[in-house]
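Note sheet for the following structure.
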Amino acid sequence: MTTPFPFTAVVGQDDLRLALLLNAVSPAVGGVLVRGEKGTAKSTAVRALSALLPEVAVVPGCRFSCDPAAPDPSCPDGPHEPGPGAHRPARMVELPVGASEDRLVGALDIERALAEGVKAYQPGLLADAHRGILYVDEVNLLHDHLVDLLLDAAAMGASYVEREGVSVRHAARFLLVGTMNPEEGELRPQLLDRFGLTVEVAASREPEKRVEVVRRRLAYDDDPAGFAARWAEEEAAVRRRIVAARELLPQVRLGDGALRQIAATCAAFEVDGMRADIVMARTATALAAWAGRTDVLAEDVRQAALLALPHRRRRNPFDAPGLDEDKLDQTLEEFSGESPDDDPGPDGPGGGGGQPQPDSGPQGGGDASARPEAGEGGEPQASGAREQSAVRAAEPFRTKVLSVPGIGEGAAGRRSRARTEHGRTTGARRPQGALTKLHLAATVQAAAPHQRARGRSGPGLVIRRDDLRQATREGREGNLVLFVVDASGSMAARQRMSAVKGAVLSLLLDAYQRRDKVGLVTFRGSGAEVALPPTSSVDAAAARLESLPTGGRTPLAAGLLKAHEVLRVERLRDPARRALVVVVTDGRATGGPEPVALAGRAARMFAAEGVASVVLDCESGPVRLGLAGQLAGELGGTAVTLDELRADSIAGLVKGMQSRRAA
């Protein structure tokens, strides 16, 4: 067995270590989500924590780690007779990103269940992690339905397996830890909320700390056992402190004053729901126990807020997590000595005489388009040849669904129709490999004609492997939405480009909600560039869009050819994911030799390959040339103006495109 890197030898990362230790003291806190760039000891710290957890007493032979002092009455291996238990180290179970649902929750032998009425159950990773740690690296890349199952089990403390009326339940209480790199995509807000605490980690910029990190890592790689032995005393001290804090936890008193501070803080930061209040209360209590106190102090409430609230304040993926600490201190001070009968004043608790001021940093939730820009409002339109500085996007708006025609087989998502493991049942087929979704009626129909030949004598069916039928289901998939944005001089009028960016930002928000990958190609001047390769991080695309300058000629053909190359490479990486190309332009082509003819030939390449496309017509003014409509026709797609996009979105236009293709 590999010797883990000692937890106490991790350099820095104080918030990460504290959040993990608080969950070790009180698993009811609800787990930790660790966000940060690659190479910041996220996985190292999590794996090191398991060595600090006290041993657990288990019923010998129980696959579900039942506590001999209080065995689970519904344990599939039960009932358990009273008796002494065995002790083993707490487990740390890792959930791979590509795991199946059966690997996570366990699998039922449907054949035996139908033929013999026996609940033959093979436990999954949730059972293995019971009373230990369940670690999900790159949790933001985990399929949504697996994240739902995982977080439901963490919230309920139990796992349920349902297969065609056959069900199994077992206890599943574990410390849930997820790590992620935000550059690779975000979790949905409702899933973020299910993690108790979150911490942001980053590599230190101090040379001395970086030197110490390298020194310790090299020493560990040369002699893992010897390095761990040098830290054994510190590890034992932390282990004893965890045990002491667990014993002290039931005696910690959470007074009314601390509760009012918690409630006022959650209200002041406008977090949704009540889960934040509960998590803060549990975290503050664990902090007091970790410090060896039986009373929760204001400093515990403050630290709990810094760990429990940042990820719950995000309203969309473009908001940076974080808290205004000055506002936090003001709220805590305001409610530090208030009694229940005190008059909170005309503005209510925490009102402070008016609405809270918007945050000045990137975490502020204010409207970016409301911030003043130099020269905005009265500046004449820019000439086509001069590069202009970037303008801010207008306020985004809601769009309706934009889907790719046909039925795909890509990754699960929420945009286009696809054959998936989850969704409505549309038919049945013979299973290829392990049976995952039984089609009961088709299975019975296949077995029924053979019952006499198989010597059936009792009430149950005689089921053979060849009788089993897999249900085919239709759900939704995520697509690659590739934006091809015209940044030439003809697009450079400030109000016009602001509206264009607002429209693209709206579609990016829609892509985030529908679990798409996104990419960004821009063209201006003498060529085109890939501003953002295909990624799941829509906030990265929004950042690239925000800083996009404009100016120069319009090399439309170069932009389309660059997009075609991006799609070709992406098909090799992920052939099942279908693409939707959104071309944002006024349709003018002025860059390069024979620009109009070359742009037409490039567009017809997309049409020949059946790539779904939409052109956002950015042409403005009383006289319109209709060039974007001509481009859409050559692409085999549909053109929509910015006004039409805002009013009715593009769902009706895509349906029209589908009907025309069908005709």
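We're numbering straight along the sequence, starting at 1.
- Note that SG of C75 and NE2 of H170 are 9.0 Å apart. Values are rounded to the nearest 0.5 Å.
- With hydrogens and angles ignored, the 3.5 Å screen pairs a side-chain donor or acceptor of N23 with a backbone N or O of A19.
- In the model, R131 has no side-chain atom that pairs as donor or acceptor with a side-chain atom of S65 under 3.5 Å.
- Scored by the side chain to side chain contact (heavy atoms under 4.5 Å, CB included) test, P68 finds A57, V59 as partners (sequence neighbours excluded).
- Taking the side chain as every heavy atom from C-beta outward, L134 and L150 approach each other to under 4.5 Å.
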Problem set entry | Audit row: N140, E138, side-chain contact (heavy atoms from CB on, under 4.5 Å) steps and yes/no | CA-CA 5 Å; N140 52 325; E138 306 295 353; 3.7 Å; yes
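- When each of R514, R415, K517 is paired with V481, the side chain to side chain contact (heavy atoms under 4.5 Å, CB included) condition holds for R415 and for no other.
- Screening residues 234-252 for salt bridge (Lys or Arg N to Asp or Glu O under 4.0 Å), with sequence neighbours left out, gives no hits.
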For this session: Carefully, step by step, assess T3 and F227 under the rule side-chain contact (heavy atoms from CB on, under 4.5 Å).
Result: CA-CA 9 Å; T3 303; F227 183 81; over 6 Å; no
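- Atom CG of residue L126 and atom CZ of residue R103 lie 10.0 Å apart, to the nearest 0.5 angstrom.
- A 4.5 Å side-chain heavy-atom check between R275 and R312 finds at least one atom pair inside the cut-off.
- Every residue was checked against the ring pair (Phe, Tyr, Trp, His ring centres under 6.0 Å) condition with F195, not counting sequence neighbours, and none meets it.
- Atom CD of E55 has more than 12 heavy atoms from other residues, nucleotides or ligands within 6.0 Å.
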Using a 3.5 Å cut-off and no angle test, enumerate the donor-acceptor pairs between side-chain atoms of residues 281-289 and protein atoms at least two apart in sequence or in another chain.
residue : atom : partner : partner atom : Å
R282    : NH1  : A28     : O            : 3.2
T283    : OG1  : V279    : O            : 2.7
T285    : OG1  : A281    : O            : 2.8

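- Note on residues 147-158: pairs passing salt bridge (Lys or Arg N to Asp or Glu O under 4.0 Å), not counting sequence neighbours, are D148-R188, D152-R194.
- We find the OH-OG distance between Y512 and S537 to be 10.5 Å, quoted to the nearest 0.5 Å.
- Using a 4.0 Å cut-off between charged nitrogen and carboxylate oxygen, K209 and E212 do not count as a salt-bridge pair.
- Every residue was checked against the side-chain hydrogen bond (donor to acceptor under 3.5 Å, both in side chains) condition with K42, not counting sequence neighbours, and none meets it.
- Rounding to the nearest 0.5 angstrom, the gap separating the CG atom in D128 from the CG atom in L95 is 11.5 Å.
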Problem set entry | side-chain contact (heavy atoms from CB on, under 4.5 Å) evaluation trace for L49 with L21 | CA-CA 8 Å; L49 178 66; L21 289 170; 4.3 Å; yes
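- Partners of R417 according to the side-chain hydrogen bond (donor to acceptor under 3.5 Å, both in side chains) rule, which considers only residues two or more places apart in sequence or in another chain, are E474.
- In this pair, F64 and Y121 present their aromatic rings parallel. The plane angle is below 30°, not in the 30 to 60° band.
- When side chains are defined from C-beta on, Q13 does not count as touching V11, because their heavy atoms never get closer than 4.5 Å.
- With rounding to the nearest 0.5 angstrom, the SG atom of C266 is 5.0 Å from the CE atom of M280.
- Here the side chain of D516 pairs no donor or acceptor atom with the backbone of V518 at under 3.5 angstrom.
- Annotation: side-chain hydrogen bond (donor to acceptor under 3.5 Å, both in side chains) contacts of D574 (sequence neighbours excluded): R577.
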Just list the side-chain donor-acceptor pairs under 3.5 Å for residues 173-182, sequence neighbours left out, or say none.
residue : atom : partner : partner atom : Å
T179    : OG1  : Y135    : OH           : 3.2
T179    : OG1  : D137    : OD1          : 2.6
N181    : OD1  : E183    : N            : 3.1

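- Partners of D14 by salt bridge (charged side-chain N to carboxylate O under 4.0 Å, His left out), not counting sequence neighbours, listed by chain and number: R17.
- Partners of A90 under the side chain to side chain contact (heavy atoms under 4.5 Å, CB included) rule, at least two apart in sequence or in another chain, are L53.
- Within the 4.5 Å cutoff, the side chain of L125 has heavy atoms near those of the P96 side chain.
- Partners of N479 under the side-chain hydrogen bond (donor to acceptor under 3.5 Å, both in side chains) rule, at least two apart in sequence or in another chain, are S416, E477.
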